[in-house]
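What you see below is based on every heavy atom in this structure, not just the backbone, and it leaves out hydrogens, waters and symmetry mates.
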Amino acid sequence: MKNLFLSLASIILCFAFINAQSDCSNFYPLAQGTAFQYTSYNKKGKTEGIVDYKVTKVATTTSGSEATMTMNYKDHKGKEILTTDYTYSCDGNMVKIDYESLIPSQMLQQYDGMEMDISGTDIELPNDLSVGQELSDANVSVKVNMSGISMNIAVDMVGRKVEKKESITTPSGTYDCFVIYSENKTKIMVTNQTFPSRIWLAEGVGMVKQESYSKNGKLIGSTLLTKYSN
């Protein structure tokens, strides 16, 4: 369960920049039925998994819009690993992802009935991105009390900054993107890991590419937008 949470939390943190447009966001299409497919690759370019997202519900709020996203993750053999939902909202100035929505529902079910404390900071993405702009950190922490024994899990996205603008091509098309750098730090009990990453973000589409690196800057994995429909 620890490894599953670590992998899925990292995936959701990276893919949290997927949806929300209308009058609310400049970057993401917020429309019921919009679908995205992302394929992840290891450092040798071999497929590791496929994630399908779909906007299943959109509601108008007093400050903007709120949407529900369904995520389905399959491994390289096509075996379904998990299906979960999370929400995000936009208020005309930025998109926000509820930090509690970053916790996979399977994990919550696993620890149903146990004392659980969840805290964090929402992921934010402003409408007015510019090169050199620094963005707010985001994080989610979970503390589970199991028969008097506590297990602590944390995922932090820090050092977020808009590095540059760049045109890239993926299997789904060619896009003009902002490139956002961040460091993704994970901690499970006493184990700590840090993975620098970059996200390529296109106006009207969302994330089209993501790369993760080791501490010395070597590529350890990537993700591409392979299908898109609205």
Side-chain angles (χ1 to χ4, degrees), residues 2-19 27 36-53 69 71-77 81-82 84 86 97 99 101-104 107 120-121 123-125 129 134-142 153-172 175 177-188 191-202 205-228:
K2 291 182 182 180
N3 290 336
L4 176 61
F5 174 77
L6 176 60
S7 299
L8 295 176
S10 298
I11 288 171
I12 296 174
L13 280 170
C14 291
F15 294 150
F17 308 105
I18 294 178
N19 308 311
F27 289 96
F36 303 78
Q37 184 182 89
Y38 292 87
T39 302
S40 58
Y41 307 89
N42 62 21
K43 62 182 180 181
K44 295 182 179 180
K46 294 184 178 180
T47 299
E48 287 196 323
I50 295 175
V51 184
D52 287 289
Y53 291 89
M69 172 75 65
M71 182 190 81
N72 178 270
Y73 176 60
K74 296 180 180 178
D75 65 15
H76 66 286
K77 295 181 179 180
I81 303 300
L82 90 88
T84 190
Y86 67 93
I97 310 296
Y99 66 82
S101 300
L102 301 178
I103 307 300
M107 179 182 178
T121 304
I123 299 173
E124 297 182 348
L125 187 76
L129 291 182
E134 295 184 357
L135 305 177
S136 299
D137 295 343
N139 66 78
V140 61
S141 299
V142 181
I153 304 169
V155 179
D156 296 274
M157 182 182 286
V158 302
R160 300 173 62 213
K161 182 179 180 179
V162 182
E163 283 190 323
K164 58 184 177 180
K165 294 189 73 174
E166 184 175 72
S167 179
I168 65 168
T169 299
T170 77
S172 62
Y175 306 92
C177 300
F178 284 99
V179 182
I180 299 176
Y181 173 86
S182 67
E183 292 188 353
N184 302 316
K185 299 183 177 182
T186 60
K187 182 177 181 179
I188 299 178
T191 302
N192 293 275
Q193 291 180 300
T194 299
F195 299 100
S197 70
R198 286 181 173 86
I199 292 174
W200 282 254
L201 188 69
V205 176
M207 193 193 84
V208 297
K209 181 180 178 180
Q210 183 269 340
E211 290 185 344
S212 297
Y213 313 94
S214 62
K215 287 185 177 181
N216 60 9
K218 291 185 178 181
L219 181 69
I220 59 175
S222 62
T223 300
L224 293 177
L225 177 65
T226 46
K227 291 183 181 180
Y228 169 72

- Can any side-chain N or O of Ser172 pair as donor or acceptor with the backbone N or O of Leu225 at less than 3.5 Å? yes
| field | Under 3.5 Å donor-acceptor, Thr226 side chain and Pro171 backbone | value | no
- Message: Do Ser136 and Thr121 make a side-chain contact, defined as non-hydrogen atoms from C-beta onward lying under 4.5 Å apart?
- Response: no
Here the gap from Tyr38 atom OH to Tyr228 atom OH, rounded to the nearest 0.5 Å, amounts to 9.5 Å
Across all chains, not counting sequence neighbours, the side-chain hydrogen bond (donor to acceptor under 3.5 Å, both in side chains) partners of Thr169 are Thr174
Worksheet item: Side chains of Ser197 and Ser182: do they bring a donor and an acceptor to under 3.5 Å?
Response: yes
Those residues at least two apart in sequence (or on a different chain) that pass salt bridge (charged side-chain N to carboxylate O under 4.0 Å, His left out) with Lys209 are Glu211
Closest non-hydrogen contact found for Tyr175 with Val205 is CE2-CG2, 3.9 Å
Walk me through whether Asn192 and Lys185 qualify under side chain to side chain contact (heavy atoms under 4.5 Å, CB included). CA-CA 7 Å; Asn192 293 275; Lys185 299 183 177 182; over 6 Å; no
Between Gly221 and Leu219 the two heavy atoms that sit nearest each other are O-CD1, 3.3 Å
Are the side chains of Leu135 and Leu129 in touch, meaning some heavy atoms are under 4.5 Å apart?
yes
*asked:* Is any side-chain heavy atom of Tyr41 closer than 4.5 Å to one of Leu224?
replied: yes
Without swapping roles, check the side chain of Ser40 against the backbone of Gly49 for a donor-acceptor pair under 3.5 Å. yes
Looking only at heavy atoms, the pair that brings Met207 and Ile199 closest together is CG-CG2, 3.3 Å
In Glu183, Glu163, Glu166, the residue satisfying salt bridge (Lys or Arg N to Asp or Glu O under 4.0 Å) with Arg198 is Glu163
Heavy-atom nearest pair, Leu125 first then Ile180, reads CD1-CD1, 3.9 Å
Check: Side chain of Arg160, backbone of Asp137: donor and acceptor closer than 3.5 Å?
Finding: no
One should read off an interatomic distance between Lys165 NZ and Cys177 SG, to the nearest 0.5 angstrom, of 9.5 Å
In short, salt bridge (charged side-chain N to carboxylate O under 4.0 Å, His left out) pairs touching residues 42-52 with sequence neighbours left out are none
